[in-house]
Amino acid sequence: MKHLLTTTDIPIEEIREILDEAQAFSEGAAWQPEQQTFVANLFFEPSTRTKCSFEVAERRLGLQVIPFEVNASSVLKGETLYDTVKTLESIGVGAVVIRHSIDNYFMELTERVNLSILNAGDGCGHHPTQSLLDLLTIRQEFGHFIGLKVAIIGDIRHSRVARSNASVLKRLGAEVVFSGPEKWFDESLIDFGTYEDIDVATKTADVVMLLRVQHERHGEEESFSKENYHLLYGLTEEREQQMKPGSIIMHPAPVNRDVEIADTLVECERSRIFKQMENGVFVRMAVLKRALIKGGNEHVHHHQKWSVAY
Amino acid sequence: MKHLLTTTDIPIEEIREILDEAQAFSEGAAWQPEQQTFVANLFFEPSTRTKCSFEVAERRLGLQVIPFEVNASSVLKGETLYDTVKTLESIGVGAVVIRHSIDNYFMELTERVNLSILNAGDGCGHHPTQSLLDLLTIRQEFGHFIGLKVAIIGDIRHSRVARSNASVLKRLGAEVVFSGPEKWFDESLIDFGTYEDIDVATKTADVVMLLRVQHERHGEEESFSKENYHLLYGLTEEREQQMKPGSIIMHPAPVNRDVEIADTLVECERSRIFKQMENGVFVRMAVLKRALIKGGNEHVHHHQKWSVAY
Amino acid sequence: MKHLLTTTDIPIEEIREILDEAQAFSEGAAWQPEQQTFVANLFFEPSTRTKCSFEVAERRLGLQVIPFEVNASSVLKGETLYDTVKTLESIGVGAVVIRHSIDNYFMELTERVNLSILNAGDGCGHHPTQSLLDLLTIRQEFGHFIGLKVAIIGDIRHSRVARSNASVLKRLGAEVVFSGPEKWFDESLIDFGTYEDIDVATKTADVVMLLRVQHERHGEEESFSKENYHLLYGLTEEREQQMKPGSIIMHPAPVNRDVEIADTLVECERSRIFKQMENGVFVRMAVLKRALIKGGNEHVHHHQKWSVAY
């Protein structure tokens with residue numbers, strides 16, 4: 001079994017291997033497991049992109065995807081996440097993709113199950129396939145990470161990728177700065193990069209990585225109107241015109257148009273937003289292959305032993 | 001790319017081709033795309049028949065159907081239909097089937113996406129695969145349309161098919177009359193056919209095409225009890241006995257039994273209601289083939305270009 | 001067509017055949033229908049285990065599973081169960097798996113449809129695949145049923161399997177006793193077995209079969225706290241230590257940990273709880289094969305006849 005939980009616990013060399021594998025898939029490489037293999041996608045929070053992207057990746061690898069709808073499951077009867085996952089393991093599922101609102105939900109699972117867990121987002125913590133697809137998109141563009149300046153701008157407090165992207169980018173040799181509302185800048189981020197004014201950041205970065213304002217996670221504190229946020233911290237048409245030659249725009253989507261980014265820029269020449277989504281499929285194929293090759297539920301008969309007394 | 005949006009924008013010759021293709025599928029013809037092909041069904045309104053029918057048609061063509069549940073998607077985070085469809089395109093989906101409550105929802109999409117859109121019902125406007133399966137059922141029965149009298153009876157104001165069926169039937173040479181509550185007869189329908197008393201219509205038509213009373217779309221204005229509606233405008237056992245020899249009964253379903261039609265008539269000898277459902281699969285196979293052969297997302301790498309700087 | 005409705009209406013000899021088939025599947029046997037075959041799972045009540053288990057079984061047999069979500073279907077528009085099933089039959093579905101809250105919901109269907117119905121649980125009545133997987137698990141353990149003592153303990157009033165398991169176990173030669181809250185012991189159960197004190201039952205049984213307390217089905221009458229129930233009627237660590245050598249623990253799950261059974265015992269050496277889930281897949285493969293071989297919707301063109309008048 002080979003989980004994918006966070007990017008921070010993966011050595012740089014292995015991250016490069018995953019990106020190489022994803023790149024190969026993007027260029028037409030194919031791989032399928034030898035035996036019929038079952039996976040399930042457990043999304044305890046809404047998702048279009050990540051869920052559908054995993055689905056496409058799974059089908060491309062010839063996997064059988066068992067539908068699992070939280071709202072029609074025994075979770076409604078109070079079943080725990082562990083019992084749900086253990087049930088899927090028992091019926092022969094080899095890997096589960098999970099999105100859950102609880103930080104590090106996987107901590108209670110990894111030691112106790114035999115199938116592979118692929119984290120598709122936990123709480124405000126991690127979203128490793130998003131990080132990996134961001135890295136792939138940057139590498140396709142620039143061919144390397146060393147010396148690149150990446151500006152992570154926006155809702156850095158609630159984002160699953162701000163911290164983990166910053167950490168892995170720094171390990172890969174890039175320089176990271178943060179921007180957006182200064183009150184959302186957390187002291188603990190200083191390990192990865194400094195806070196920079198939005199106009200400086202957008203003008204000097206090779207990669208302007210915008211984060212979605214997660215209205216649904218903010219409480220009353222939110223003191224910006226949409227228009228206000230856009231003017232103060234969004235990528236306006238004016239700021240885009242000041243970006244340096246060859247620099248690109250990224251955003252994990254879904255985009256709040258005219259909030260984080262001007263509507264007209266979402267598909268502009270610098271934008272790699274839909275390219276990121278395309279790369280998401282290849283990255284997910286790579287981590288699924290990694291999970292299933294190095295382990296997965298081999299579905300030996302269940303470890304509960306019995307002696308037949310004829 | 002070859003969308004299917006309305007029947008009114010398809011030339012008669014092409015409608016005949018689609019019906020021929022559907023007929024061939026009903027007689028056992030097979031077709032599958034050469035490459036693994038992804039589709040998604042986006043139903044923003046409840047459906048059993050149309051959604052399951054598309055699913056069966058898609059599987060028969062060997063397509064990979066990516067599950068999409070509106071209530072577990074980023075639509076909940078406010079994502080627009082355009083961004084949702086563009087996302088699916090980016091991850092490699094070649095055709096989307098959409099049902100949506102907004103009239104002509106597809107107008108904002110067709111010029112801006114590269115995949116095929118198949119309209120599975122929009123607002124009170126169109127439902128082209130329903131029209132096509134109705135046409136196939138009539139053609140199987142009578143072999144032609146010229147001179148046939150088709151009575152469209154019931155909720156002609158809220159029906160997606162009343163107007164579009166009337167239009168295409170007239171173009172094919174049939175005579176159309178409307179019946180049901182006279183106050184639901186819209187002046188604009190006069191281009192396609194006149195209003196006729198229910199007892200005359202059912203007695204003289206070759207095809208009695210009943211429409212579902214859409215309780216969920218009527219407001220307070222609804223002034224009929226179920227029993228009352230049935231007596232005044234429904235196909236009662238008495239009216240069925242007056243129907244002319246060889247004439248048939250159609251209904252798009254779901255049926256309100258004992259409202260539009262007597263419970264005992266739903267599966268009577270004249271009824272083609274379940275035959276229509278069977279034909280729905282063949283018609284949907286035909287339009288999916290048409291969409292995927294003439295276009296679809298060829299999934300060239302995304303048009304956002306980049307230059308690799310090693 | 002060959003339905004699976006209850007275990008009580010299946011002859012003992014045929015039950016043995018199903019178990020043999022399931023055992024063969026558990027040892028690696030394979031079977032697939034010759035033609036592309038469609039099935040649908042209609043779950044009108046929440047389920048993880050049974051629904052996912054049927055899904056895995058269906059995919060292992062190479063079946064095409066048509067997704068059906070009650071909450072996105074025409075059931076919302078008031079469509080009856082019969083019309084829903086008839087619709088699925090019309091579009092080519094050969095077997096439907098149904099869970100429904102109404103006792104014997106299938107009575108109104110079986111005479112009127114041509115596809116196979118597999119009951120995945122009705123009201124408080126039956127749950128035949130659960131019974132069969134229980135039988136398979138017991139037979140794997142002991143090799144026979146004659147003379148075994150099975151204690152069915154807990155919510156015997158609301159359980160779908162208490163009565164039907166008791167009935168079939170008695171027919172197979174086992175001795176059944178019931179335990180748990182005495183007020184939940186129904187006089188009609190006396191045909192199958194007597195009531196026994198929990199401490200006697202757990203000490204003397206070969207199989208301790210615990211039932212889930214169905215909080216969601218109890219009204220105000222429920223007078224036990226969780227802790228209280230566990231002490232009085234649950235399998236505590238103390239009771240487990242008194243169990244006889246070679247005896248096993250079973251539970252249909254989802255488990256209420258520390259209510260019916262101590263948390264620490266769920267995966268103890270005696271427990272066959274996850275083994276039961278594993279066996280569920282094999283039993284469901286066997287009954288699906290039985291349904292599809294002996295019948296199923298052969299999808300001849302729909303019985304509504306027509307004469308083509310050229």
Side-chain angles (χ1 to χ4, degrees), chain A residues 33 35-42 44 55 58-59 62-96 98 108-109 111-115 297-310, chain C residues 26-27 30 41 43-60 62 65 67-72 99 137-144 206 212 214-216 246 248-249 253-257 266-282 284:
Chain A
Q35 294 198 307
Q36 191 183 35
T37 301
F38 295 94
V39 296
N41 302 318
L42 279 60
F44 293 84
E55 280 271 350
E58 289 154 354
R59 309 293 185 101
L63 310 180
Q64 291 284 335
V65 189
I66 298 301
F68 181 89
E69 301 152 51
V70 171
N71 292 323
S73 76
S74 290
V75 171
L76 298 187
K77 303 181 196 164
E79 191 170 44
T80 63
L81 182 59
Y82 170 74
D83 281 336
T84 299
V85 171
K86 199 76 185 169
T87 295
L88 292 169
E89 179 183 310
S90 299
I91 63 174
V93 170
V96 287
I98 305 180
E108 60 155 330
L109 301 178
E111 296 299 304
R112 300 171 70 197
V113 297
N114 296 309
L115 44 63
N297 187 348
E298 288 172 37
H299 205 57
V300 292
H301 288 281
H302 199 276
H303 69 285
Q304 292 181 357
K305 297 286 182 291
W306 67 91
S307 51
V308 181
Y310 285 98
Chain C
S26 82
E27 290 164 7
N41 302 318
F43 278 69
F44 293 85
E45 292 190 324
S47 165
T48 294
R49 235 159 311 282
T50 308
K51 187 160 188 283
C52 290
S53 175
F54 263 112
E55 280 271 349
V56 170
E58 288 154 355
R59 309 294 186 99
R60 284 200 173 201
V65 189
F68 182 89
E69 300 151 52
V70 172
N71 291 323
R99 167 169 293 187
T137 306
I138 294 171
R139 199 176 77 167
Q140 284 176 345
E141 192 71 33
F142 299 99
H144 65 93
D206 298 286
R212 185 169 166 273
Q214 305 201 33
H215 304 295
E216 65 274 23
I248 60 170
I249 301 165
V255 170
N256 294 307
R257 287 170 181 262
V266 173
E267 295 178 61
C268 76
E269 215 188 316
R270 286 189 198 283
S271 169
R272 294 297 174 272
I273 297 177
F274 290 104
K275 184 76 200 166
Q276 285 172 274
M277 295 182 205
E278 184 183 319
N279 281 334
V281 174
F282 305 129
R284 287 169 184 126

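Proteins come first, then strands; the chains are lettered A, B, ... in the order of their sequence lines, and each starts at number 1. Computed over heavy atoms, backbone and side chain alike; hydrogens, waters and symmetry mates excluded.
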Contact class of C/R257 relative to chain A, heavy atoms under 4.5 angstrom
side chain
Taking C/E45 for its side chain and C/R99 for its backbone only, find out whether a donor-acceptor pair lies under 3.5 Å.
no
Engaged part of A/Q64 at the chain C interface, taking heavy atoms whose separation is under 4.5 Å:
both
C/D206 and C/E141, any side-chain heavy atoms less than 4.5 Å apart
no
By a 4.5 Å heavy-atom criterion (distance strictly below it), what part of C/V281 contacts chain A: side chain, backbone, both, or neither?
side chain
Would you say the side-chain atoms of C/R272 pair up with the backbone N or O of C/E269, donor to acceptor, closer than 3.5 Å?
yes
Sort out for me which of C/T50, C/T48, C/N256, C/N279 touches chain A most, counting heavy-atom pairs under 4.5 Å.
C/T48
Within 45° cone and under 6.0 Å: C/R59 NZ/CZ vs A/F38 ring
no
If we ignore angles and hydrogens, is there a donor and acceptor under 3.5 Å between the side chains of C/R284 and C/S53?
yes
A/V65 portion near chain C, given a 4.5 angstrom heavy-atom threshold:
backbone
